[in-house]
Amino acid sequence: AVAVAADGTALPLPPTAGGQDGQRIVYGIRPEHLELRLDGAGVPGEVDVVEPTGAEILVVVLWAGTKCQVVFKERHRFNPGDRITLAPMLGNVHVFDKATGTRLNA
């Protein structure tokens with residue numbers, strides 16, 4: 001199953017995702033639950049900001065039509081404008097009804 005972002009990007013959903021076809025949802029994922037995929041199996045994005053924070057690197061990425069933050073413990077050499085592919089860790093995706101805010105995959 002997939003969710004379709006406003007820009008048309010298909011985002012994978014966990015098997016436990018609730019809801020109905022066509023239902024408007026909020027797709028929730030924490031910055032540390034997106035992983036870099038070098039094999040291209042994921043959703044492409046464009047690096048906007050790179051901020052080393054000591055033990056981690058915070059990267060702001062235009063991903064699925066919106067800016068999101070990703071945290072990496074590994075040292076990557078990203079530059080603004082770089083294209084990267086990210087995949088959500090499906091066990092950590094949270095799905096909410098857009099109208100009510102109710103969690104659908106509790």
Side-chain angles (χ1 to χ4, degrees):
V2 298
V4 180
D7 74 344
T9 301
L11 298 171
L13 289 169
T16 58
Q20 302 172 5
D21 285 347
Q23 182 175 8
R24 294 177 52 91
I25 63 164
V26 174
Y27 189 94
I29 186 86
R30 292 185 183 273
E32 64 272 18
H33 294 148
L34 287 164
E35 59 185 351
L36 182 65
R37 295 299 299 259
L38 301 177
D39 62 3
V43 177
E46 182 177 331
V47 174
D48 186 43
V49 177
V50 179
E51 186 174 331
T53 62
E56 301 173 329
I57 298 173
L58 173 67
V59 181
V60 178
V61 179
L62 180 59
W63 189 71
T66 191
K67 285 188 180 181
C68 69
Q69 296 180 355
V70 185
V71 174
F72 296 103
K73 293 191 183 302
E74 308 85 11
R75 292 289 176 195
H76 297 289
R77 294 181 185 240
F78 297 128
N79 294 299
D82 286 353
R83 304 284 299 166
I84 62 174
T85 301
L86 300 170
M89 298 174 189
L90 289 183
N92 296 303
V93 171
H94 303 284
V95 181
F96 303 90
D97 180 89
K98 184 160 178 78
T100 65
T102 303
R103 185 170 172 192
L104 299 175
N105 60 332

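Because the structure is a prediction, the values reported are computed rather than measured.
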Under the side-chain hydrogen bond (donor to acceptor under 3.5 Å, both in side chains) rule, collect the residues that match up with Thr9, sequence neighbours excluded.
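Residues passing side-chain hydrogen bond (donor to acceptor under 3.5 Å, both in side chains) with Thr9: Asp7.
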Tell me every residue that passes side-chain hydrogen bond (donor to acceptor under 3.5 Å, both in side chains) with Thr102, counting only those two or more places apart in sequence or in another chain.
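Here the qualifying residues are Thr100.
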Start with the C-alpha distance between Leu104 and Asp97, add both sets of side-chain angles, then the distance that settles side chain to side chain contact (heavy atoms under 4.5 Å, CB included), and finish with yes or no.
CA-CA 7 Å; Leu104 299 175; Asp97 180 89; 4.2 Å; yes
Looking only at heavy atoms, what is the nearest atom pair of [X] and [Y], with distance?
| X | Y | answer |
| --- | --- | --- |
| Ala41 | Ala87 | O-CB, 3.8 Å |
| Ala17 | Val95 | CB-CG2, 4.2 Å |
| Tyr27 | Pro12 | OH-O, 2.6 Å |
| Ile29 | Met89 | CD1-O, 4.1 Å |

Which residues pass the side chain to side chain contact (heavy atoms under 4.5 Å, CB included) test with [X], sequence neighbours left out?
| X | answer |
| --- | --- |
| Ala10 | Val2 |
| Pro80 | none |
| Arg77 | none |
| Glu46 | Arg83 |

Through direct or indirect side-chain contacts below 4.5 angstrom among Ile, Leu, Val, Met, Phe, Trp and Tyr, which residues connect to Val49?
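Besides Val49, the cluster holds Val60.
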With clusters built from Ile, Leu, Val, Met, Phe, Trp and Tyr whose side-chain heavy atoms come within less than 4.5 Å, directly or transitively, what are the remaining members of the cluster of Phe96, listed by chain and number?
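Via sub-4.5 Å side-chain contacts, Phe96 links to Val26.
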Taking only residues two or more places apart in sequence, or in another chain, which ones meet Arg75 in a salt bridge (charged side-chain N to carboxylate O under 4.0 Å, His left out)?
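Expected list: none.
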Tell me, please, which residues at least two apart from Lys98 pass salt bridge (charged side-chain N to carboxylate O under 4.0 Å, His left out).
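In terms of salt bridge (charged side-chain N to carboxylate O under 4.0 Å, His left out), with neighbours along the sequence ignored, Lys98 is linked to no residue.
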When rounded to the nearest 0.5 angstrom, what is the spacing between CD1 in Ile25 and NE2 in His94?
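The distance works out to 13.0 Å.
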For the atom pair CG (Leu38) and CD1 (Ile84), what is the distance rounded to the nearest 0.5 Å?
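Separation between the atoms: 10.0 Å.
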Between Val50 and Ile57, does a side chain to side chain contact (heavy atoms under 4.5 Å, CB included) hold up when you go through it step by step?
CA-CA 7 Å; Val50 179; Ile57 298 173; 3.9 Å; yes
Please answer: with hydrophobic residues joined when any side-chain heavy atoms are less than 4.5 Å apart, are Leu90 and Leu36 in the same cluster?
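Linked, Leu90 and Leu36 end up in one cluster.
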Side chain to side chain contact (heavy atoms under 4.5 Å, CB included) between Gln69 and Leu58, intermediate numbers included
CA-CA 7 Å; Gln69 296 180 355; Leu58 173 67; 3.8 Å; yes
Enumerate the ring-ring contact (aromatic ring centres under 6.0 Å, His included) contacts for residues 55-81, please, sequence neighbours excluded, ordered by first and then second residue.
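For residues 55-81: Phe72-His76, Phe72-Phe78, His76-Phe78.
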Which residue pairs pass the side-chain hydrogen bond (donor to acceptor under 3.5 Å, both in side chains) test when at least one of the two sits in residues 32-41, sequence neighbours left out?
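side-chain hydrogen bond (donor to acceptor under 3.5 Å, both in side chains) check on residues 32-41 returns Arg37-Asp39.
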